[in-house]
Every structure is written in C-alpha cells, then in structure tokens.
Amino acid sequence: MLPEPVLQEAAREMLDYRGTGMSVMEMSHRSKAYQAIIDTAEADLRDLMQIPQNYEVLFLQGGASQQFAMIPMNLMKNGVADYIVTGQWAKKACQEAKKYGTVNVIASSEDKNFSYIPDCRDLPVTPEADYVYICENNTIYGTKFKELPNTKGKVLVSDVSSCFLSEPVDVTRYGLLYGGVQKNIGPAGVVIVIIREDLIPQEVPPFTPTMLRYSTHSENGSMYNTPPTYGIYICGKVFQWLKQTGGLEAMAKRNQEKASILYDFLDNSKLFRGTVRKADRSLMNVPFVTGNQELDARFVKEAEAAGLVNLKGHRSVGGMRASIYNAMPKEGVEALVSFMKAFELKNG
Ligand SMILES: *Cc1c(COP(=O)(O)O)cnc(C)c1O
C-alpha cells in the first residue's frame with residue numbers, strides 16, 4: 001500500500017499540476033516542471049539515505065529482474081562473481097549472472113527451504129570475484145540479513161527491493177544497491193539503482209545494449225530516453241512523506257513496533273507459528289502457518305471476507321504471509337492479530 005496523504009495529494013494534482021494546466025502524465029520529460037520533479041526526488045532520496053556524493057542515483061525501468069542481468073554485464077570485469085543464495089530472487093539473479101561469467105555460490109540456505117540466513121562472517125570469497133551478491137530481505141521467505149556479509153574487501157551488491165527505506169542504511173558499505181520500488185516505495189515501473197561512481201564501467205563488451213549500460217543512464221541524469229515519469233513523481237512524494245514523518249530512524253521504529261505485534265502473537269499462539277528462524281526475521285514480510293493446509297486456506301478466505309487481503313503465502317512456503325510495508329499502519333497489524341485471535345478461539 002501507499003501512504004494515503006501521498007495518494008490524496010496526487011489526486012489533487014491530477015488534472016493540473018501546480019498551475020501547469022496539465023497532469024504530470026501529460027508532461028514532456030524535457031520540461032522544466034518535470035526536471036524539477038526528478039531533481040527533487042533525487043535530492044530527497046539522497047537526504048533520507050544520506051547517500052554520499054560519490055554515489056549515483058539512477059531511476060531505471062525493467063524492474064528488479066532486469067538488474068539480474070545488468071549487474072553482471074557491467075560489473076564483471078574479471079568475469080567472476082560470488083552469490084549468496086537465500087531465496088528465489090537471489091537464485092534467479094545467480095542463474096542470470098551465469099550467462100556472463102563464472103558464478104560461485106558461496107553460501108545458501110536452500111537446505112531448509114530458505115528459512116534462515118547463513119552465517120556470512122567467514123565465507124570462501126573468491127579472490128578474483130568482482131563482487132559478492134545478496135538479496136537483503138527475502139520477500140517470499142520473510143528473512144532479512146541483520147548483519148551484512150563479510151565480503152573480505154570485495155564490492156557488495158544488494159537487492160533491497162522489499163526493504164527499501166524501511167530503516168537507515170550505511171550506503172558506504174555497498175558498491176551497488178537497488179530495488180524495484182513497487183514493494184515499499186511507489187508504483188510498479190521504476191527501479192532505483194544506487195551505485196558507487198567508480199564502479200560504472202567506461203568499457204563494456206561492445207555488444208552490450210545501450211540501455212543496459214549504467215554509464216548511459218548516469219551520463220544523462222536518468223533521462224537518456226523517457227523515464228517512467230509518473231512513477232518517479234509518486235516516489236518523490238513518498239520520499240517527502242518519509243521526511244515529514246521523521247525519516248528512516250522513525251520509520252524503522254514504527255516498523256519494529258508493527259512487526260513485534262505480529263511476532264509476539266505468533267510466538268504465543270497455539271494455532272499459528274512463524275516459519276523463519278527468529279534471529280533472521282524480516283520486519284516487512286511475515287510468513288506463518290497453522291500446520292494444516294485446509295485450515296490455512298480457510299483462514300485466507302475468511303480473512304479476505306473480513307477485509308484483510310493479500311494474505312496467501314507464496315506457493316513455495318504455503319500458508320500465509322503478511323506484508324507489512326512502510327505504509328501499513330499499526331492499526332492494520334492490530335486488526336490482523338485480533339482476527340487471528342478470534343480464528344484461533346474458534347479453531348484451536
Ligand atoms: C519482487 C522482487 C523482485 C522482482 O521484482 P520485479 O520488479 O518484478 O522484477 C526482485 N527481488 C526482490 C527481493 C523482490 O521482492
């Protein structure tokens with residue numbers, strides 16, 4: 001979900017954006033009004049995440065999935081990369097990278113259906129690896145890296161799609177971090193890449209498509225071609241909403257509070273249980289099961305009838321999953337927990 005004040009403001013500006021006489025959807029991306037929108041969005045994101053000057057912020061398309069290819073295409077100078085596989089998204093990124101070079105899986109949690117984050121303090125990092133890749137918050141499985149891996153000096157690349165702006169981050173620990181905005185920021189169609197300048201290669205194999213070179217976008221302020229203008233505009237509003245509500249520290253506090261309401265209930269429930277090792281629990285995605293598939297299905301159906309939607313778990317985990325992204329209010333989590341309590345009383 002998106003914050004309601006953002007949607008309301010967008011609605012007010014729908015027909016006439018600040019006296020321009022048109023909707024943002026109708027503007028030329030080369031107009032002054034639009035340039036101000038994208039510049040403000042970038043400045044606010046830099047401010048929120050304290051992105052250092054030697055990092056570029058790129059607003060791209062193609063979703064997070066396109067980055068699975070763009071990262072190896074641009075970053076594999078030695079043709080070698082190390083991947084830590086903690087779920088489907090990391091696995092897909094790893095499969096894609098194999099098309100471009102040698103890929104080593106240096107840790108995985110597939111042995112227990114990705115229900116934990118492996119110990120990454122002393123991994124067999126490949127000496128010639130160009131980068132170490134992680135998916136920081138595993139959307140489907142509900143795990144999160146609470147500590148970044150020890151990359152032994154190698155560049156860290158992270159997919160933060162489902163934890164983007166959920167808490168403060170130290171950007172300097174990464175060479176590149178990126179995410180599709182549709183999980184925790186804005187509408188589908190925008191992917192944000194934050195990349196250290198010196199990692200943007202001047203030379204890539206000549207057959208690399210122009211649109212898949214980071215340099216194309218960094219040299220043109222994300223406007224080599226028409227960017228996803230309306231999506232970036234909404235993202236910009238979400239950045240302002242985050243700043244007005246206290247920034248990422250305050251957001252992290254609210255997210256911790258929300259998640260603990262649900263986790264505390266799960267830990268004391270006789271019917272429901274979480275599926276993830278406690279130390280690795282995500283603040284954003286909370287999978288849980290009853291242990292009985294029929295009961296799970298009934299729960300999802302009855303919850304939906306009560307207005308609690310999108311609770312069906314991913315097919316690879318089963319059961320339920322509550323995605324409690326930034327814009328989900330505490331009241332939403334409380335409503336879910338009271339519904340679960342009532343369901344437990346009836347079916348316990
Ligand atoms: C959803 C998701 C993706 C895929 O995003 P698309 O924008 O649909 O390509 C990749 N990584 C993570 C962590 C996700 O949650």
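Numbering of ligands and ligand atoms starts at 1, following listing order.
Closest approach of Val286 and Ile324 over heavy atoms only: CG2-CD1, 4.0 Å.
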Audit row: Glu219, Tyr224, side-chain contact (heavy atoms from CB on, under 4.5 Å) steps and yes/no: CA-CA 8 Å; Glu219 284 162 13; Tyr224 170 76; over 6 Å; no
Evaluation steps, ring pair (Phe, Tyr, Trp, His ring centres under 6.0 Å), between Phe299 and Phe339: CA-CA 10 Å; Phe299 176 85; Phe339 183 83; 5.5 Å; yes
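Taking every heavy atom of Gly63 and a limit of under 4.0 angstrom, the matching atoms of ligand 1 come to 7 (O), 9 (O). For ligand 1, the atoms lying closer than 4.0 Å to a non-hydrogen atom of Cys135 are 13 (C). Near Thr139, with a cut-off below 4.0 Å to any heavy atom, the atoms of ligand 1 are 12 (C), 13 (C), 14 (C), 15 (O).
Residues Ile106 and Ile84 form a side-chain contact, since some pair of their non-hydrogen atoms from C-beta on lies under 4.5 Å apart.
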Give the table of side-chain donor-acceptor pairs shorter than 3.5 Å for residues 254-262, with sequence neighbours excluded, one pair per line with atom names and distance.
unit_1 : atom_1 : unit_2 : atom_2 : d
Arg254 : NH1    : Thr245 : O      : 3.1
Arg254 : NH2    : Thr245 : OG1    : 3.4
Asn255 : OD1    : Lys258 : NZ     : 3.1
Asn255 : ND2    : Ser166 : O      : 3.0
Asn255 : ND2    : Met251 : O      : 3.4
Asn255 : ND2    : Asn326 : OD1    : 2.9
Glu257 : OE2    : Lys330 : NZ     : 3.0
Lys258 : NZ     : Tyr325 : O      : 2.9
Lys258 : NZ     : Asn326 : O      : 3.4
Lys258 : NZ     : Met328 : O      : 2.8
Ser260 : OG     : Gln256 : O      : 3.1
Ser260 : OG     : Glu257 : O      : 3.1

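A salt bridge links Glu13 with Arg18: the distance from a Lys NZ or Arg NE/NH1/NH2 to an Asp or Glu carboxylate oxygen falls below 4.0 Å.
From the protein, the heavy atom lying nearest to atom 8 (O) of ligand 1 is Gln182 NE2, 3.4 Å. Looking at atom 9 (O) of ligand 1, its nearest protein heavy atom turns out to be Ser65 OG, 2.6 Å. Looking at atom 5 (O) of ligand 1, its nearest protein heavy atom turns out to be Ala64 CB, 3.5 Å. Of all protein heavy atoms, the one lying nearest to atom 1 (C) of ligand 1 is Lys183 NZ, 1.5 Å. Of all protein heavy atoms, the one closest to atom 11 (N) of ligand 1 is Asp159 OD2, 2.6 Å.
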